[in-house]
Number of protein chains: 2
Amino acid sequence: MLVQGWRLSELHCHPLSTESRIQWTTNFNSHALAWSESKSIVSTGFPCKAHHSEITNIKFKPSNIGSRNSLIQVGRNGSKKQAVRVVSSDVSSLSMKLDLLEAYDDDYDGVVVNPECLPPSANAFASMLCASLSHWKIKGKKGVWLKILDEQVDLVPIAIKEGFSYHHAEPGYVMLTFWIPDTPSMLPASPSHLIGVGGFVINEKREVLVVKEKKCPCRCSGIWKLPTGFINKSEEIFSGAIREVKEETGIDTSFLEMIAFRHAHLLAFEKSDLLFMCMLKPLSSDISIDDKEIAEAKWMPLDEFVGQSFYEDDQMSKKIIDICTATYENQYSGLTAHEMTSKMDGKSSYLYYKDLKEI
Amino acid sequence: MLVQGWRLSELHCHPLSTESRIQWTTNFNSHALAWSESKSIVSTGFPCKAHHSEITNIKFKPSNIGSRNSLIQVGRNGSKKQAVRVVSSDVSSLSMKLDLLEAYDDDYDGVVVNPECLPPSANAFASMLCASLSHWKIKGKKGVWLKILDEQVDLVPIAIKEGFSYHHAEPGYVMLTFWIPDTPSMLPASPSHLIGVGGFVINEKREVLVVKEKKCPCRCSGIWKLPTGFINKSEEIFSGAIREVKEETGIDTSFLEMIAFRHAHLLAFEKSDLLFMCMLKPLSSDISIDDKEIAEAKWMPLDEFVGQSFYEDDQMSKKIIDICTATYENQYSGLTAHEMTSKMDGKSSYLYYKDLKEI
């Protein structure tokens, strides 16, 4: 609802036993509101103040809004008042006129806005967002989740300027959040980690499957390395290791165990990653490289692989290769993956631990 | 550069040994371009076609642009041509006039736009973005990284409509990417995982440190559980476990080993999480709960904790508690954390593996 460029963003009534309230917010800092019937003001308590996104309650008796000539007058303090005609004088239908964003409650006293039902117009969205925030505040809601799809991108600046924060994003959408209470946000953080996998594949001739990467941004250009990569969305660690080895070298493998993992921070975009080293058993021997990523791949005698001078003063790589070798020689064992269900969330997932026979 | 609502988004020249080129893109599909000097067309090859974000090269000899009266004429095929006066006819200064976004090269043939130097005006940004994309394409660049801060949010719709995709976001900024080649994007995925930690703390009286959470959205309301939580940005797994136990219960601990981890998918926002169960040694005994998250905390006899009927038919929790108990009874051992440097990235990070003495 626009009054000479001022947005009266919410106007609704709650029928109470003996009196009702008009609750409203505006997007300017200070104003007066008057309720009149037949041009005579019947409610007291004006002028009043409301701050951006705050709610002012004006109590009045339902009998006060008995005619279609009822007016609500709004304006900045000290400036000319503007009259907004109340289309319906019936309290309940006045309340029905409210345009709120469609949302459902979550399990944490929060609301999740339905992205399918966002208005296409930026102006309508701005009014509805403002009205909805007031409504959710009244209802004692805490966190608000607002997912905005690519085709709705014009709504992003409106929400950010209204006080929303980015939570996370991926191709196709951005997720914004708003924490309503005057306390630190209790909303969960956004995903922080990429998950990498590496495969140690060794054959019966004591040869290791190694690759040279085409594009190596680090100081390891030209080094024969173990195949590594990142797991896909919702992929298991063991499946990711098998897939990466297959993609880079064409070799089929099966998962034996996860033998060690590295936790590194402040990598790309200041995020972290976990790299899980997996012992894999080769099921084929003919190499066929992925020439987008890999320059060369081959089976290399273990001693020659370990003996590369680069690894001699690379503490991390040396330790990982030592563990791989020890595992191959049955002097070390890592964790295996076991699928089981959890009553906590009713889901099936994998627990990685040392085989039961060793417990 | 706007010509009757059509954006001639780039216009620059590369001095070559014997000839130069005008390279330009438009935001409409088909058009004609003519180069004229003193109102006579001196270059051939018109009309020509360019598609949105594609580049058309017009070769001409530097001698052709010898006067300030040179004109470039652009227009849709079949529609009235519009003339854009070339302010300077000097090839090198024409090239200098180009307003490109400030960016630096990354290690993967990509560019990273400097967020500190984005123009505040949306119109200027639109032109510079379009010109920069053409420029980077000419230079053979592949991935473009564009970080937009909260205060620059009006630029987000422009970039998305230009073909950028969301990569990731967190409070304060959103990161967008653009893959220039006509091949599938090779850019790394956004962070996909939250990292959780759980602490198994058992004292000399065989009592386990347990909590009841205030807000439990799952089917485990009222159950005595092990303290759990998410690690902070750039926090180590063992530090996170110690911190969460301290925050929730007030108990000081030291890290012994990581004994098992669960990998679960399609949780909040369809993302995944890894929950690392850590064996911790208690260093204090007086409990002081965090009443924002925790309803109660206490030391509970191990048998009583294990005997809770909820866990009997919760396969995942039961297995985790079995592993914790076996570790306490020295019948199981997990992985310990070892800090070391990597020559690959020159960084220090933690490798989790079974203690060397066991190798």
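Lettering of chains follows the sequences in order, A, B, ..., and the numbering in each one begins at 1. As a basis for the values below, the full set of heavy atoms in this structure was taken, side chains included, without hydrogen atoms, waters or symmetry mates.
Between A/Ala169 and B/Val174 the shortest heavy-atom distance is CB-CG2, 4.5 Å. A pairwise comparison of heavy atoms in B/Pro157 and A/Asp154 identifies CB-OD1, 3.4 Å as the closest pair.
Heavy atoms of B/Leu267 lying under 4.5 Å from chain A belong to its backbone as well as its side chain. Looking at B/Ser317, the atoms closer than 4.5 Å to chain A (heavy atoms on both sides) all sit in the side chain, from C-beta outward. For B/Tyr173, the parts lying under 4.5 angstrom from a heavy atom of chain A are both the backbone and the side chain. When heavy atoms are compared at a cutoff of 4.5 Å, B/Ser234 approaches chain A by way of both its backbone and its side chain. Proximity to chain B (any heavy atom under 4.5 Å) is restricted, for A/Ile259, to the backbone atoms N, CA, C and O. Contact annotation for B/Asp313: both backbone and side-chain heavy atoms come within less than 4.5 Å of a heavy atom of chain A. For B/Met186, the part lying near chain A is the side chain, with the backbone staying farther off; criterion is any non-hydrogen pair under 4.5 Å. For chain A, the nearby parts of B/Lys292 are the backbone and the side chain; heavy atoms of each come within less than 4.5 Å.
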Start with the C-alpha distance between B/Phe261 and A/Phe276, add both sets of side-chain angles, then the distance that settles ring-ring contact (aromatic ring centres under 6.0 Å, His included), and finish with yes or no. CA-CA 12 Å; B/Phe261 67 88; A/Phe276 291 92; 5.2 Å; yes
Apply side chain to side chain donor-acceptor pair (under 3.5 Å) to the pair A/Glu235 and B/His265, showing each step before the final yes or no. CA-CA 8 Å; A/Glu235 189 176 36; B/His265 302 294; over 6 Å; no
Show every donor-acceptor pair shorter than 3.5 Å between a side-chain atom in residues 226-233 of chain B and any protein atom, with sequence neighbours excluded, or say none if there are none.
unit_1, atom_1, unit_2, atom_2, d
B/Lys233, NZ, B/Glu170, OE2, 3.2

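Sorted by first and then second residue, the salt bridge (charged side-chain N to carboxylate O under 4.0 Å, His left out) pairs involving residues 255-266 of chain B (not counting sequence neighbours) are B/Arg262-B/Asp273.
Evaluated for a side-chain contact (heavy atoms from CB on, under 4.5 Å) with A/Leu351, the options B/Met316, B/Met277, B/Gln315 yield exactly one hit, B/Met316.
In terms of modelled atom types and a separation under 3.5 Å, the side chain of A/Tyr332 and the main chain of B/Lys354 share a donor-acceptor contact. Not one N or O on the side chain of B/Lys161 forms a donor-acceptor pair closer than 3.5 Å with the backbone of A/Val153.
In this structure, A/His263 and B/Tyr352 have tilted ring planes: the angle between them lies in the 30° to 60° band.
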